[in-house]
2 protein chains.
Amino acid sequence: MEDEVDRLVAAWRRERPDLDVEPLEVLSRVSRLARHLDRARRLAFAEHQLEPWEFDVLTALRRAGNPYQLSPGQLLTQTLVTSGTMTNRIDRLAKKGLVERLPDPSDRRGVLVRLTEEGRDRADQALAGLLDQERAILGELSSAQRGELAGLLRQLTAPFDNIPG
Amino acid sequence: MEDEVDRLVAAWRRERPDLDVEPLEVLSRVSRLARHLDRARRLAFAEHQLEPWEFDVLTALRRAGNPYQLSPGQLLTQTLVTSGTMTNRIDRLAKKGLVERLPDPSDRRGVLVRLTEEGRDRADQALAGLLDQERAILGELSSAQRGELAGLLRQLTAPFDNIPG
DNA sequence: GCCACATACCTCGATGTCAAGAGACTTGAT
DNA sequence: ATCAAGTCTCTTGACATCGAGGTATGTGGC
């Protein structure tokens, strides 16, 4: 089955026959697939009245384990947004009652963000919905193929994740 | 070699041992890799004084072939942005002298966007730079592995690209 | 103890995107 | 010919993000 990247690569081969555009076969597909996944995620979360950014923050706290709390700084490094953005996000999540701000007992400059009970439930439900959606997308592949794909992708991501970039 | 997704999956297995989080092994890596690629692209384009969105528009016109012109509507479908965004982008590219607006001779409502000579050169240079960068990222993989990866990814993207979404 | 420097979070202004809709023109039916 | 409906581009207002800088607090050398 042909996809958009096949057409993209064919167009470049016609217009720039002098160039080797083979890298696009892999990396353009990664970018485009990620874009499709963003849309799918947005749809899955909408069923739970959550925006993608809300899911990101809530699940970071959820993964931290009991008592489900992190500093804004820790949330920054996990979600890769700037501090202004995180302040804004925490404000809105607090207004919706999904997280609460607590003073950090060990550092009076600091704040801790803690998941409320409702926040934890919403995060858990949204994660289950996301996994259902993702399983449907991966339905195309056999279990062996998924393993192979995960392994190949890990080879590409590991350098970024380990040699800090 | 371990990556961030290995850590993410391990955290979920600890916190939610009841859930099958295996889909994340593939799809979280796709999303994260796409994010890294965006950063790398931004760096590669900066050497040619281009923003990623500028590259997207210029190369869509470049791939159209001589005389390197498309309607704003055609650009919308290729770049997946809304019309307000595209109007804004064309304005800024025109101000920089990389594209020009022409009246559509066959439809007096319409406009055609045409690449200037400088626009074409900049697009060609930026593409070459991007491909160099991408080859470096793919250096991890053998030629056979790249082919395998491209094939597996095509299976995932084809449904999105063919059953319109 | 004091002071310079680092850290943590927040505020503010600028920017880019989206969604909705207005305006201009074309098309097709009558 | 005329008119309604459709198409295409641009405008507008709302909003989330970023980057730079501000305020308050902690830390370590002297």
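Chain letters run A, B, ... following the sequence lines, proteins first and then strands; every chain starts at 1.
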- [ ] Round to the nearest Å and state the distance from R42(B) atom CZ to dC18(D) atom C1'.
- [x] 11 Å
Task: Distance-only donor-acceptor check, side chains R122(A) and Q49(A), under 3.5 Å - done: no
Task: Among dC8(D), dT9(D), dA8(C), the nucleotide that comes nearest once only the side chain of R109(A) is considered - done: dA8(C)
Open item on the list: Expressed as a whole number of angstroms, how long is the span from L93(B):CG to dC10(D):P?
Closed with: 13 Å
Open item on the list: More than 12 heavy atoms of other residues, nucleotides or ligands under 6.0 Å from CZ of R108(A): yes or no?
Closed with: no
Task: Donor-acceptor side-chain pairing of T85(B) and T82(B) below 3.5 angstrom - done: yes
- [ ] Assign D107(A) to base, sugar-phosphate, or nothing according to its heavy-atom contacts below 4.0 angstrom with the strands shown.
- [x] sugar-phosphate
Open item on the list: Output the rounded distance in Å from CG (N88(A)) to C1' (dC18(D)).
Closed with: 11 Å
Open item on the list: Among dA8(C), dG16(C), dT9(D), which nucleotide has an atom closest to any side-chain atom of V111(B)?
Closed with: dT9(D)
- [ ] Would you kindly give the CD1-to-P distance between I90(A) and dA16(D), to the nearest whole Å?
- [x] 15 Å
TODO: For T79(B) and D56(B), test the side chains for any donor-to-acceptor distance below 3.5 angstrom and give the result as yes or no.
DONE: no
TODO: May I ask you to verify if any side-chain N or O of R108(B) is less than 4.0 angstrom from the OP1 or OP2 atom of dC8(D)?
DONE: no
Open item on the list: Is the phosphate of dC9(C) approached by R101(A) (side-chain N or O, under 4.0 Å from OP1 or OP2)?
Closed with: no
Task: Check: T77(B) side chain, Q74(B) main-chain N or O, donor-acceptor pair, under 3.5 Å - done: yes
TODO: State which of dC10(D), dA8(C), dC9(C) makes the closest approach to the side chain of T87(A).
DONE: dC9(C)
TODO: Return no unless some side-chain N or O of R89(B) is found under 4.0 Å from OP1 or OP2 of dT17(C).
DONE: yes
Open item on the list: Could you check whether R92(A) makes a cation-pi contact with W53(A), meaning its NZ or CZ is under 6.0 Å from the centre of the six-membered ring and within 45° of the ring axis?
Closed with: yes
Open item on the list: Without decimals, in angstroms, what is the distance between D104(B) CG and dT9(D) P?
Closed with: 8 Å
Task: nucleotides 18-23 of chain C: protein proximity per nucleotide (B base, S sugar-phosphate only, - neither; heavy atom, under 4.0 Å) - done: BBB---
Open item on the list: Measure CG/L75(A) against P/dC9(C) and give the value in whole Å, please.
Closed with: 9 Å
Task: NZ/NE/NH1/NH2 to OD/OE distance under 4.0 Å, E117(B) and R120(B) - done: no
- [ ] Would you mind reading off the distance between D91(B) atom CG and dT17(C) atom P, rounded to a whole angstrom?
- [x] 13 Å
Open item on the list: From CG of L76(B) over to C1' of dT9(D), roughly how many Å is that when rounded to an integer?
Closed with: 9 Å
